[in-house]
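Everything on this sheet refers to the single structure shown next.
Below, chain A is the first sequence line, B the second, and so on; all start at residue 1. It should be emphasised that the depicted structure is a prediction, and the values quoted were computed from it without experimental measurement.
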Number of protein chains: 2
Amino acid sequence: MAIFSKTCEYAIRAVFYIAHKTANGGRVGIKDIATGIVSPELYLAKILQDLSRKGLISSYKGPNGGFFIEPTSLSKPLSEIVEAVDGDSLFYGCALGLKQCSEVNPCPLHNDFKAIRDKIHLLLNTTTVGEFNNELMNGLFSLKK
Amino acid sequence: MAIFSKTCEYAIRAVFYIAHKTANGGRVGIKDIATGIVSPELYLAKILQDLSRKGLISSYKGPNGGFFIEPTSLSKPLSEIVEAVDGDSLFYGCALGLKQCSEVNPCPLHNDFKAIRDKIHLLLNTTTVGEFNNELMNGLFSLKK
DNA sequence: ATAATAAAAGACAAAAGTATCTTCTATTAT
DNA sequence: ATAATAGAAGATACTTTTGTCTTTTATTAT
């Protein structure tokens, strides 16, 4: 099992792609994004529509339309993308899937995994959508399979 | 998304259950285990058969048969259970699902997630199958939903 | 207005994960 | 030997995730 669902992997990669492509204005079409991150175009379209509906990215219809990210949205934390797609069980759920697991009724792994979850949460809370734009433009980071 | 698959959650909980029930000898039947951890009996049976085939737990047929864990196996790390069921992508895979992601061709999250993965790996490597037996026998930890 | 471009939406399909059912085989107390 | 108990195994079914197809709607350059 991976940390994120495939849907979430596509979502994060697409958001990074859109961010660095439209940081200086303009829009980027779905075909461009799908090629840029190597993902199934029509499936990705659904994911981006969902993120757009939730206000995490923006879109513009018509000729020269496409997706983009508002400059102010570049500072949003990645945790919002993850939570929108995969929910918050990665941040708050019990590792052993126990609904009743808590401080007063812990599973054996409760304390150790709480520490891990907190680290993941902190990392995604402090990583922003636009923070890798320079490296992505310079080709220092990869978004392709 | 949870950290482990449902199959893996059942596996870990069952192994903990078997461990503390058979630490002083004896065997525990599938019905007992399924009730004890609240899981679908027939599905759990398949999971335990698989773990048994892989030598992570032991079983004994016939009347008074059932599953048990060799005393020497109580010190095995939990990572072996996880790896047997969910594979090793939690320990080594790229957070964004990129096959080519590596030190020389990193995804934007590569370094930060490597640290997280290492923490998870270390935790599961240093947590043993039998390490919660006392607390489980005293009811200090829960394995039920 | 029209044509071109692009997103939105709903239906559908394939694959993987989760769960169940039935039958068979092995073991052992009696 | 037989009955009881328990694991092994194969087939089947349900659910969720992942992916595709087709049609519709919105926008704007011309």
Quiz item: Salt-bridged, B:K54 to B:E80, with N to O below 4.0 Å?
Solution: no
Short heteroatom pairs, N/O only, protein and nucleotides 26-30 of chain C, under 3.5 Å:
from	atom 1	to	atom 2	distance (Å)
C:dA26	O4'	B:K61	NZ	3.4
C:dT28	OP1	B:Y60	OH	2.1

Self-check item: Within the 6.0 Å centroid threshold, strictly below: B:H121 and B:Y92
Solution: yes
Practice problem: Determine whether the side chains of A:E135 and A:H20 contain a donor N or O and an acceptor N or O closer than 3.5 Å. | Solution: no
Practice problem: May I ask you to decide if A:G25's main-chain N or O and A:T22's side chain share a donor-acceptor pair within less than 3.5 Å? | Solution: no
Self-check item: With A:I120, the side chain to side chain contact (heavy atoms under 4.5 Å, CB included) member among A:L124, A:L122, A:D118
Solution: A:L124
Quiz prompt | Integer-rounded Å distance: D:dT18 P and A:M1 CE | solution = 10 Å
Self-check item: NZ or CZ of A:R117 within 45° of A:F91 ring axis and under 6.0 Å
Solution: no
Quiz item: Do any of residues 2-22 of chain A sit with a heavy atom less than 4.0 Å from DNA chain C, and if so which?
Solution: none
Quiz item: So which of residues 31-49 of chain A are in contact with DNA chain C, with a heavy-atom cut-off of under 4.0 Å?
Solution: A:K46, A:Q49
Practice problem: Look up atom CZ in B:R13 and atom SG in B:C8, then write down how far apart they are to the nearest 0.5 Å. | Solution: 11.0 Å
Exercise. Please work out if A:R27 contacts a base, only the sugar-phosphate, or nothing of the nucleic acid, heavy-atom cut-off 4.0 Å.
Key: nothing
Quiz item: Can you find a side chain N or O atom of A:S59 that sits less than 4.0 Å from OP1 or OP2 on C:dA8?
Solution: yes
Self-check item: Option passing side chain to side chain contact (heavy atoms under 4.5 Å, CB included) with B:F16 (candidates B:L78, B:I81, B:I69, B:I37)
Solution: B:L78
Self-check item: Side-chain N,O (A:R53) to OP1/OP2 (C:dA7) below 4.0 Å
Solution: no
Practice problem: Could you tell me the separation between the CD1 atom of A:I30 and the C1' atom of D:dC21, rounded to a whole number of Å? | Solution: 15 Å
Exercise. Write down the distance between NZ (B:K54) and P (D:dA8), rounded to a whole number of angstrom.
Key: 14 Å
Exercise. Kindly state whether the ring of A:Y10 and the ring of A:Y17 have centres lying under 6.0 angstrom apart.
Key: no
Quiz item: Are B:I18 and B:L136 in one and the same hydrophobic cluster, where Ile, Leu, Val, Met, Phe, Trp and Tyr link if side-chain heavy atoms are under 4.5 Å apart?
Solution: yes
Quiz item: More than 12 foreign heavy atoms under 6.0 Å from CG of B:D88: is that the case here?
Solution: yes
